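Every chain is numbered from 1 and lettered A, B, ... according to where its sequence line falls, protein lines coming before strand lines. The analysis underlying the following values was restricted to heavy atoms, covering all of them including side chains, and did not include hydrogens, waters or symmetry mates. The structure displayed is predicted, hence computed values, not measured ones.
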Amino acid sequence: MTMIFGVPMAALMGQLLIGLINGSFYALLSLGLAVIFGLLRVINFAHGAQYMLGAFVALLLLTWTGVNYWIALILAPLIVGTFGALVERTMLSRLYKLDHLYGLLFTFGLALTIEGTFRYFFGSSGQPYPTPPALAGGVNLGFMFLPIYRGWVIVASLAVCIAVWLLIEKTKLGSYLRAATENPVLVQSFGVNVPLLLTLTYALGASLAAFAGVLAAPIYQVSPLMGTNIIIVVFAVVVVGGMGSILGAIVTGYLLGIAEGLTKVFYPEASNTVIFVIMAIVLILRPAGLFGKDV
Amino acid sequence: MSHSDATAAPAPAAVQGATRIKAVILLAMLGFLLLVPMFLYPIFLMKILCFALFAAGFNLLLGYTGLLSFGHAAFFGGGAYFTAHAVKVWGLSPELGILVGVIGAAGLGLIMGLIAIRRQGIYFAMITLALSQMFFFFCLQAAFTNGEDGIQSVPRGIFLGVLDLSNQINMYYFVLGVFLLGILAIWRIINSPFGMILKSIRENEARATSLGYTVARYKLAAFVMSAAIAGLAGSVKSLVFQFATLTDVAWQMSGEVILMTLLGGIGTLIGPVIGAGLVVTLQNYLATSPLPVTVITGVVFMVCVLLFRRGLVGEFYASRIGRRLGFKSDS
Amino acid sequence: MSALLNVAGLNAWYGESHILHGVDLHVNEGEMICILGRNGMGKTTTLRSIMGILRKRTGTITFAGSDMMTMPLHKTARAGLGFVPEERGIFASLSVQENLMLPPVVAKGGMSVDEIYALFPNLHERRNSPGTKLSGGEQQMLAMARILRTGARCLLLDEPTEGLAPVIIQNIGTVLGELKKRGMTVVLVEQNFRFASKVADRFYLMDHGQMVAEFPVGDLPANMDMLNRELGV
């Protein structure tokens with residue numbers, strides 16, 4: 001058996017794969033957070049709850065109406081995005097003129113409410129979501145066995161991250177978004193409906209979280225608590241990357257996922273905390289974050 | 001114009017009135033706290049007092065320095081763990097055990113503070129949350145905390161070798177004494193020259209810097225003091241309930257203390273105490289209901305942020321009655 | 001009431017401070033007026049209030065027959081008002097071309113991109129560089145150019161010559177002359193009345209949040225002493 005640094009090749013590759021999958025979720029979630037933060041200046045604490053909602057909507061669509069995975073992958077983000085738009089329009093938008101901390105506190109309350117409600121109806125234990133038949137099984141790569149679904153998660157998240165990046169950097173809508181991030185009042189005086197843009201941006205962020213949730217459903221158990229633990233890690237990812245750049249959020253997400261996977265191989269005790277340790281080191285050496293411009 | 005002037009600056013007589021009213025309320029509350037264990041369960045009251053102290057210490061940072069920490073559970077839970085360990089394993093007396101808890105929490109605050117004050121505002125909140133989550137995992141894995149089980153059957157001991165704390169009423173007055181000392185310490189801090197500088201940092205950090213203050217050092221000092229008081233509250237709580245568990249260091253606890261402060265009134269001395277009383281009472285009522293407490297606390301959170309950002313006490317101060325009595329809405 | 005833009009009894013506030021105390025002005029279709037005045041007299045505030053960026057205001061503002069007081073900010077541009085702020089407002093994260101194309105076209109009759117690049121050849125050369133990499137003069141050109149594309153009927157132009165070299169100021173004068181030929185209505189805020197006298201039809205003098213004088217460009221020589229005194233030149 002091939003050994004690398006005294007570790008079997010297959011084990012190393014296996015953990016690297018798990019790291020890459022976690023990284024896929026970190027990247028999708030921190031991308032959504034960065035998009036929302038860029039324009040709304042709100043740290044969306046409810047992002048984890050929206051991720052959980054995505055997984056639950058997929059599960060309920062399947063068990064109640066028999067809607068399959070592929071349709072849920074489109075439908076769940078739309079439903080959660082619409083919910084996000086309603087929240088933004090009716091409540092969150094009232095807080096923009098205040099200290100940004102109120103946005104964080106409000107979305108924190110929202111997250112508690114959503115998660116508590118789902119615990120009330122569905123209990124705290126997880127429920128399995130079947131892997132879609134088309135993606136069942138795996139392939140032997142020679143040095144390791146790759147479950148097809150996991151490969152799909154990596155590909156799908158990468159594709160969505162690139163698509164969102166292109167949307168923001170290369171389209172007209174994206175130029176509105178970037179300009180409004182710099183000076184919303186001037187963009188509105190040009191005749192762009194900035195309040196609507198804010199609503200759409202929040203909806204986009206929420207639906208990205210929901211998309212990640214549907215992707216996660218067949219891998220992890222669908223449970224009301226699945227969002228809270230991951231969101232705190234994603235906050236650390238966002239601090240490491242710096243909120244300044246969309247690309248930074250994506251790249252940092254993947255990198256830290258891989259770093260976490262490697263830690264599992266070489267020093268498993270620290271695998272829960274490695275991202276937080278990296279965050280502390282980055283803050284000491286480069287407070288603005290790896291890709292951040294502000295200090 | 002003249003109307004708004006009259007309401008903006010209360011007459012000296014009204015200010016005096018406010019001071020008098022505050023004194024009367026203070027005495028009434030003190031009397032109430034001394035007598036109330038005759039009517040209510042001491043354990044429930046002690047829980048309120050511990051959380052009230054926790055929230056008041058947290059408010060020292062949020063209300064008077066303008067820093068929102070999302071990681072104060074680390075200090076509360078850390079204090080609880082350190083004291084529980086010192087009393088149970090090392091066999092220390094309760095006063096020394098509490099001292100260990102406070103020093104431990106302050107040390108933890110120093111480390112977390114040094115890292116977190118490198119960023120401001122929202123980032124500060126996220127960093128403190130992440131660091132406290134790191135401490136949570138440390139407590140989950142470290143040997144002395146016993147992982148999921150926590151430290152159980154912590155002896156309350158004998159205070160200063162004379163007062164047997166296993167007696168519920170003795171314990172209550174001991175907790176009340178600690179609580180009052182803690183509140184007095186906070187009152188002294190916010191009314192000292194140091195407290196004035198903290199408030200000027202809260203109002204305008206750039207100006208405080210330009211006036212020559214080393215803002216980072218003041219923020220760190222406030223952070224450590226706030227952590228120490230949170231640790232004191234956690235230490236005492238571990239003696240009251242005779243255990244220290246992961247619940248005390250979990251992020252939900254950090255959220256709860258924010259809620260208590262927000263509900264009662266950020267930046268008011270009495271607000272966090274009232275907020276803690278309300279939240280603990282609410283949790284007590286909902287403990288047996290199937291509805292998770294977080295549904296209610298989450299809704300209260302949203303309502304507070306949307307409608308009552310000054311909190312109950314702050315809204316009262318800012319109301320017409322409060323202003324006529326001479327309270328200032330921004331104190 | 002045949003004027004394109006009518007402002008009457010306009011009061012405006014920044015927070016608690018009361019800046020405009022009953023501003024009255026009107027601009028006819030195709031006319032170019034210039035508001036003179038020292039710093040802090042309310043010139044910029046007047047433009048921002050007309051545009052609807054500053055919302056704490058009372059009085060009446062009508063433009064092309066529409067009431068502008070109740071109109072939300074993102075609709076004022078659609079009504080035909082275009083604003084070029086003093087700080088120019090070029091976006092750093094957008095290229096020159098993206099900056100130019102950013103404001104939506106609100107009416108027919110705006111310049112085409114080719115016409116704009118013919119008028120501002122520098123912008124064409126640098127169309128792919130980030131907006132804020134341009135020089136101050138080029139940024140001013142870009143800020144004006146992007147409004148000209150939209151088909152706005154009335155341009156609110158805040159101190160376009162501020163901090164620019166004489167040769168660039170001359171360029172801006174040429175552009176304004178070109179706009180006048182095309183029949184564009186312009187409200188120009190300027191400190192430099194020598195520059196303004198070459199393009200403006202009519203002047204207003206502003207002092208402490210009010211218009212204190214109004215005269216056509218022909219009366220400028222007669223008002224020279226008063227202007228020198230008022231503007232402290």
Worksheet item: Are there more than 12 heavy atoms of other residues, nucleotides or ligands under 6.0 Å from atom OH of B:Y285?
Response: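 Atom OH in B:Y285 is not packed in, count stays at 12 or less.
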Discussion item. If you count heavy atoms of other groups shown closer than 6.0 angstrom to CZ of A:F122, is the number above 12?
Written reply: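 Yes, the 6.0 Å shell around CZ holds more than 12 heavy atoms from other groups.
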For [X], is it the side chain, the backbone, both, or neither that has a heavy atom closer than 4.5 Å to a heavy atom of chain B?
{"X": "A:F37", "result": "side chain"}
{"X": "A:V277", "result": "both"}
{"X": "A:F108", "result": "side chain"}
{"X": "A:I114", "result": "neither"}
{"X": "A:L283", "result": "both"}
{"X": "A:L95", "result": "side chain"}
{"X": "A:M279", "result": "side chain"}

Discussion item. Any side-chain to backbone donor/acceptor pair from B:R310 onto B:G265? Under 3.5 Å, distance only.
Written reply: no
Item to complete: Could you verify whether a donor N or O on one side chain and an acceptor N or O on the other, from A:T199 and A:E88, lie under 3.5 Å apart?
Response: yes
Worksheet item: How about A:N272 and A:E260: does a side-chain donor come under 3.5 Å of a side-chain acceptor?
Response: no
Just give me the residue among [options] that pairs up with chain A most often, heavy atom to heavy atom, under 4.5 Å.
{"options": "B:C304, B:G298, B:A125", "result": "B:G298"}
{"options": "B:V300, B:L306, B:V293, B:I115", "result": "B:L306"}
{"options": "B:V295, B:L140, B:L259", "result": "B:V295"}

Practice prompt. Could you pull out all residues at least two apart from A:I168 that satisfy side chain to side chain contact (heavy atoms under 4.5 Å, CB included)?
Written response: A:V35, A:V164, A:L177, A:R178, A:I246
Response to the item:
If one checks every heavy atom of B:F70 against chain A at 4.5 Å, the contacting part turns out to be side chain
Worksheet item: Side chain, backbone, both or neither: which part of B:I258 has a non-hydrogen atom closer than 4.5 Å to chain A?
Response: side chain
Worksheet item: Pick from A:V233, A:T228, A:D99: which one has the most heavy-atom pairs with chain B under 4.5 Å?
Response: A:T228
Practice prompt. Tell me, out of A:V238, A:T113, A:T107, who's got the most heavy-atom pairs with chain B below 4.5 Å.
Written response: A:T113
Worksheet item: Does a side-chain heavy-atom distance below 4.5 Å link A:F118 with A:F56?
Response: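 Counting from C-beta outward, A:F118 and A:F56 do come under 4.5 Å.
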Worksheet item: Is there a side-chain contact between B:K219 and B:V215, using heavy atoms and a 4.5 Å cut-off?
Response: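 Yes. Closest side-chain heavy atoms under 4.5 Å.
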Practice prompt. Assess the pair A:Y26 and A:Y254: is the distance between their ring centroids shorter than 6.0 Å?
Written response: no
